[in-house]
Amino acid sequence: MKTKILMVCLGNICRSPLAEGILKSKVNSEQIFVDSAGTAGYHIGNMPDIRSIAVAQKYGIDIHQQKCRKFSFKDFQEFDIIYAMDKSNYKNIIALTSNKKDIAKVKLLLSESNTEITEVPDPYYDKDEGFEHVFQLIDKACNAIAKKIQ
Ligand code: 4NP
């Protein structure tokens, strides 16, 4: 059976689409299913932010076809691991369940990498450098995940 991994941020247009695209580029899609969602519904149906599309493209990853969706309670049934980009996302996800098994599925993405930084910062109000920084943080964590699960 496939392992299903969900990447979650606030808007599902900047960080989690990058995390989805980056992890997909490192794992075998026959073994691992990767998706992303946002805890807020501001941008449902939209494509990722143009700055996320650009930084992904710089590293040979195409995320332009992704469509924003909102995280839902059903995702606890669907997914094996749910990665939150920051502590606020983590709290918003956990607030939707009181089931211990569901809660155990939720982790901070950067808990997978050996960095002092524990959260992927929200780059929405940043310039392009913010997106480069976010890409590098996510890339490092996804390398660790890919190594662990394959
Ligand atoms: P994301 O970034 O959570 O990484 O997708 C954001 C995108 C949009 C907004 C905030 C953060 N917003 O307020 O619309």
Side-chain angles (χ1 to χ4, degrees), residues 3-27 29 32-97 102-149:
T3 301
K4 294 182 170 183
I5 298 178
L6 184 64
M7 301 294 193
V8 181
C9 62
L10 174 63
N12 190 214
I13 56 166
C14 298
R15 292 166 290 177
S16 59
L18 272 176
E20 176 186 335
I22 292 170
L23 186 59
K24 274 181 175 163
S25 77
K26 297 179 191 293
V27 297
S29 62
I32 318 285
F33 174 74
V34 189
D35 192 15
S36 66
T39 58
Y42 314 134
H43 302 281
I44 291 170
N46 291 356
M47 65 198 301
D49 188 287
I50 196 85
R51 297 163 295 176
S52 284
I53 293 174
V55 75
Q57 199 167 37
K58 180 178 162 191
Y59 294 100
I61 298 168
D62 182 8
I63 63 165
H64 87 279
Q65 77 297 339
Q66 290 184 34
K67 275 211 166 50
C68 172
R69 74 168 178 91
K70 194 172 177 203
F71 179 81
S72 114
F73 178 70
K74 282 191 218 146
D75 289 316
F76 288 115
Q77 268 75 65
E78 186 73 17
F79 290 90
D80 303 299
I81 310 171
I82 299 168
Y83 284 116
M85 299 298 126
D86 65 31
K87 289 174 189 167
S88 166
N89 310 146
Y90 180 89
K91 272 191 214 151
N92 289 332
I93 297 165
I94 294 290
L96 294 176
T97 183
D102 291 346
I103 291 170
K105 292 180 178 186
V106 191
K107 300 177 186 183
L108 280 175
L109 180 69
L110 297 192
S111 68
E112 297 291 0
S113 47
N114 236 344
T115 46
E116 276 174 28
I117 306 169
T118 54
E119 304 177 276
V120 182
D122 181 350
Y124 191 58
Y125 295 104
D126 282 354
K127 302 224 164 63
D128 293 346
E129 304 85 70
F131 283 77
E132 176 70 35
H133 178 56
V134 158
F135 184 97
Q136 296 304 335
L137 289 173
I138 294 172
D139 191 56
K140 197 165 181 212
C142 289
N143 278 335
I145 295 168
K147 207 170 158 192
K148 196 162 84 171
I149 60 179

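Not measured: the values here are computed from a predicted model. Along the sequence shown, residues are numbered consecutively beginning with 1. When a ligand or atom number is given, it counts from 1 through the structure's own listing order. Basis for what follows: all heavy atoms, side chains included, without hydrogens, waters or symmetry-related copies.
- Between F135 and Y59, the angle of the ring planes stays under 30°, which puts this pair in the parallel group of the 30/60° scheme.
- The protein non-hydrogen atom at the shortest distance from atom 4 (O) of ligand 1 is R15 NE, 2.7 Å.
- For G11, a nitrogen or oxygen atom sits less than 3.5 Å from a nitrogen or oxygen atom of ligand 1, counting backbone and side chain alike.
- Salt-bridge check for D75 with R69: passed, with a basic side-chain N closer than 4.0 Å to an acidic carboxylate O.
- Which parts of ligand 1 touch L10 is read off a 4.0 Å heavy-atom cut-off, strictly below it: atoms 3 (O), 10 (C), 11 (C).
- When non-hydrogen atoms are compared, ligand 1 lies under 4.0 Å from neither the backbone nor the side chain of N89.
- A donor atom on one side chain and an acceptor atom on the other are found under 3.5 Å apart for K26 and N143.
- Side-chain contact check for D86 and N89: at least one donor-acceptor pair (N or O, by modelled atom type) lies under 3.5 Å.
- Of all protein heavy atoms, the one lying nearest to atom 1 (P) of ligand 1 is C9 SG, 3.5 Å.
- Near H43, with a cut-off below 4.0 Å to any heavy atom, the atoms of ligand 1 are 8 (C), 12 (N), 14 (O).
- Per-residue contacts place I13 under 4.0 angstrom from the following atoms of ligand 1 (heavy atoms of the residue considered): 5 (O), 7 (C), 8 (C).
- Contact between M85 and ligand 1 is absent, with no heavy atom of the residue lying under 4.0 Å from the ligand.
- Atom numbering of ligand 1 starts at 1 in the shown order; those under 4.0 Å from a heavy atom of C14 are 1 (P), 2 (O), 4 (O), 5 (O).
- With values rounded to the nearest 0.5 angstrom, M85 atom CE is found 8.0 Å from L110 atom CG.
- For atom 9 (C) of ligand 1, the closest heavy atom belonging to the protein is Y124 CD2, 3.6 Å.
- Taking the side chain as every heavy atom from C-beta outward, L6 and K105 never approach each other to under 4.5 Å.
- Using a cut-off of 4.0 Å between Lys/Arg side-chain N and Asp/Glu carboxylate O, E78 and K74 are scored as not salt-bridged.
- Against a heavy-atom cut-off of under 4.0 Å, D122 is close to the following atoms of ligand 1: 2 (O), 6 (C), 10 (C), 11 (C).
- The N/O atoms of Y42, backbone and side chain alike, include none that comes under 3.5 Å of an N/O atom in ligand 1.
- Using a 4.5 Å heavy-atom threshold, the side chains of N92 and F71 count as separate.
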